[in-house]
Amino acid sequence: MTDVAEVIVDVPTMQTDIPFTYLVPPELQQVIQAGMRVVVPFGNSNRKVQGFVLNVKNIDEKTQEFELKAIDRVMDISPVLNQEMLALAEEMSQTTMSFKITCLQTMLPSVMKTSYEKYFVLIDEVSEDIQFDVFKGLHEISWTEAEAQGHLPLLTRLRNEDKIEVRYEVLKRNKIKTKRGFVSLLDFEQVEEVRAGIRANAHQQQCLLAVLQTLQDKTMLYQEAQKNYGLTPGTIRSAAEKKWLQIVDVEVQRDPYANHEFKETSAEQLNDEQQTACDEMVHAMDDNQATTFLLQGITGSGKTEVYLQVIAHALDQGKTGILLVPEISLTPQTVRRFKERFGEEVAVLHSGLSEGERYDEWRKIEKKQAHVVVGARSAIFAPLENIGVIVVDEEHEGSYKQEESPRYHARDIAIWRGEYHGCPVVLGSATPSLESRARAQKKVYRHLQLTKRASSEAQLPDTTVIDMRHVIAKGKMQTFSPQLLERMTEKLAREEQIVLLLNRRGYSSFIMCRDCGYVHTCPNCDISLTLHMDSYAMKCHYCGHEEAIPKICPECHSNKIRYYGTGTQKVEEELQTLFPDTGIIRMDVDTTRRKGAHEKLLDTFGRHEASILLGTQMIAKGLDFPNVTLVGVLNADTALNLPDFRSSEKTFQLLTQVSGRAGRGDKPGEVLIQTFNPEHYAIQLAKKHDYESFYQTEMVARHQGNYPPFFFTVQIVGSHEEEITVAKKMYEIAEQLVQSVSDKTIVLGPTPKAVMRVNNRYFYQIVIKYKFESELMTVLKKILNESQQEIQRGLKLTIDMEPLNFI
DNA sequence: AGCACGCCGACT
DNA sequence: GTCGGCGTGCTC
């Protein structure tokens, strides 16, 4: 009988998406466990690849029909994934149709993704020139170095001559940050003896020995010894040689919030609605019920306080909690709120952290130092045990769905983990997704509502809809209506602040020739280039292509090139002209790319160093500035015109959200919405803050269009460098689908995508809408399997279960 | 992915 | 005749 391990190797292909069996070498028998990462030889050249151990079992080697290879080495001392995570990875790979290895990697912080380094190793005599010029007298060089020096062709030839071979090295990128410290090797009496034996004027040594006496088993950092006692590293090093102490490396955590002061806050008084919601969740937690709650509460109704108290209850019971928030609202303001309540017990995971900081936060959770995790989408994989509650705030947010493989939805993972831990899951929103709201209606979720604003004096703002069809002056589109300008002037005169939202989706500035109508488009994609005035360049938002701004038309050589559309930069310039003495802050992807820029801009606005905050979607979330009394939405309906059945829902959610930004203090707020579709129900009902009517109206539209939540959807996207290849293949797939699904199921397409060509690849899509289709997954798997040959010839196929974007 | 094996064109 | 093109198939 022999120990073997089943390993998922880091080769993301369909053919290798199964466990491979490896022998456990004797020296690893006590070490290896499920959930550890290992390095294994793979393929006929035995290149080293990383793998995850799924389980270890004992088999009879006689029943083994082929020779097994042995595990090379382990990469972890203890498992990095527990049984729950291994089970979740399996589940996720099936429901999202993605490779197991991709799922496993997704659960770990990105620094723990392995990188591979290749080395060229000399195995035979080579000429002295090569020995010195290429190998620098050593017996091996790294691939990266050789490539940089342009030696690859030469080395390839040498390899064909069997003079050198290629060695694969699996690198670990996660370095635990350590600081130098020391522990005493002597007990109290031994120190006394040593002290008696050295000169009294050896101050440094005397001092160090005194420190050692107070230390006992504790570790002291060099840093502390130097700062508090003036001990130099030299003294410590020589003490180590005398065996007084031992030098050790101490793991230290980078604390991204080290410079912030947090004062502890305690629970606020809940109103009766909040209390009822809180009680229900607490009961579910105490009874280990995996109930999903939909907590629907208008802006300002105090949802966050409910989350905080439910999580606090979990901590009281010795349990843990996860709170997911959209990346965009993970602002320093919100982070502070959690830190203030839970102090050291909270770990925060978000994209603003460096890879190292992220890893440290993850380690803090793994080592059970943090019991509460606050973070964006991927924080749902936090390695917490004994979870008491999982909260998904702003559950309708699209950013909870990952847009690359594995295409998981954090809300689904939350519910899965809730089942696993027997704990409640709380979905919170002022404007729930239609799917969640419908499930609450069908009693799949427990529906709880908060209808009162927590701070009673704050009122919902007055909302005015402005019909922009009447604001076209001299046939030219205007950015600002007279009404908005008037209001802005008024507010500025009173030294109040203004937030302006530019809904930029599908609406950015491009240039066009007035004489021949030529529009500057990307050479690689079917889309017009966007004008960026800060870098004086035309950029493609799909592939990143960049070129200079043309002065004359490349087609007709006219110099009548004009800018069209409304980008944030252009609006900023217009504002500057209209209100020359007013401070304006622009927030969009360009001005917030740098780390910490987001925070800085908001702080500046918070200190009232600027009066106007102009931005895209990112300003709609969670900001709380009491002095803002006017919110202007410059173009409410650009999203409405998009060919996506969720466009009304997205518009309603956005408008409701921004309306909540006005009048949070004691001053009444006003909202002005500029639109070309003033009668549209999404706009009218957002104006009235009427979610329920919107829900009813939209459900009728979804029912008529056979859309979710009445139907499930799948999107299949194929792409290839040649249009004919992908089109043909997609027609075949659609045909096969029609043949194998029930007649109640709708197969749409294939159709070219709205932007058909991106990066010189042609994109086609098929959408499946179905109610019951038990064999669908099997059919889709079959399609993927049968497409292997084409995939190897350059076709790309992605399957997205329940996609959020159809464009 | 990466590599070996295997079958057809232009070369010492 | 051979070197090398990349189509095909396999990896415990």
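Every chain is numbered from 1, with letters handed out A, B, ... down the list of sequences. Only heavy atoms go into these numbers, but all of them, side chains included; no hydrogens, no water, no symmetry mates.
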**Item:** Evaluation steps, side-chain hydrogen bond (donor to acceptor under 3.5 Å, both in side chains), between A:Gln739 and A:Glu735
**Value:** CA-CA 6 Å; A:Gln739 298 296 315; A:Glu735 183 57 31; 2.9 Å; yes
For the pair made of [atom1] in [X] and [atom2] in [N], what is the distance, rounded to whole Å?
| X | N | atom1 | atom2 | answer |
| --- | --- | --- | --- | --- |
| A:Asp3 | C:dC12 | CG | P | 20 Å |
| A:Asn46 | B:dC3 | CG | P | 12 Å |
| A:Glu790 | C:dT8 | CD | P | 11 Å |
| A:Phe42 | C:dC12 | CZ | P | 6 Å |
| A:Lys48 | B:dC3 | NZ | C1' | 15 Å |
| A:Glu6 | C:dC12 | CD | P | 15 Å |
| A:Ile791 | C:dG9 | CD1 | P | 15 Å |
| A:Gln50 | B:dG2 | CD | P | 15 Å |

**Message:** Would you say that more than 12 heavy atoms from the other residues, nucleotides or ligands in this model lie under 6.0 Å from the NZ of A:Lys57, or not?
**Reply:**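 At most 12 heavy atoms, drawn from other residues, nucleotides or ligands, come within 6.0 Å of this atom.
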**Request:** Answer yes or no: are there more than 12 heavy-atom neighbours, outside A:Lys401 itself, under 6.0 Å from its atom NZ?
**Result:**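 Yes.
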**Item:** Between A:Glu790 and A:His720, a side-chain donor and acceptor under 3.5 Å
**Value:** no
**Prompt:** In terms of side-chain heavy atoms, does A:Thr725 have a donor or acceptor partner in A:Arg793 at a distance below 3.5 Å?
**Reply:**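 A:Thr725 vs A:Arg793: no donor-acceptor pair found between side chains.
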**Message:** My understanding is that only residues two or more places apart in sequence, or in another chain, count here; which of them pass side-chain contact (heavy atoms from CB on, under 4.5 Å) with A:Ser405?
**Reply:**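 Counting only residues at least two positions away or on another chain, A:Ser405 forms a side-chain contact (heavy atoms from CB on, under 4.5 Å) with A:Ser98, A:Thr102.
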**Message:** Is there a side-chain contact between A:Arg793 and the phosphate of C:dC6, meaning an N or O under 4.0 Å from OP1 or OP2?
**Reply:**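 It does not, given that no N or O in the side chain of A:Arg793 lies less than 4.0 Å from OP1 or OP2 of C:dC6.
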**Request:** Please assess A:Ser787 against A:Lys729 for the test side-chain hydrogen bond (donor to acceptor under 3.5 Å, both in side chains), listing each intermediate value before the final yes or no.
**Result:** CA-CA 9 Å; A:Ser787 305; A:Lys729 175 69 190 174; 3.1 Å; yes
**Fill in**
Among B:dC3, B:dA1, C:dC12, the one nearest any side-chain atom of A:Phe20 is C:dC12
**Message:** Given B:dA4, C:dC10, C:dC12, identify the nucleotide with an atom nearest to the side chain of A:Phe66.
**Reply:**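 Selected nucleotide: C:dC12.
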**Prompt:** Under 4.0 angstrom, heavy atoms only, what part of the nucleic acid is A:Tyr22 near: base, sugar-phosphate, or nothing?
**Reply:**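 Contact class for A:Tyr22: sugar-phosphate only.
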**Asked** In residues 12-19 of chain A, what residues come within less than 4.0 Å of DNA chain C, judged by heavy atoms?
**Response** A:Gln15, A:Thr16
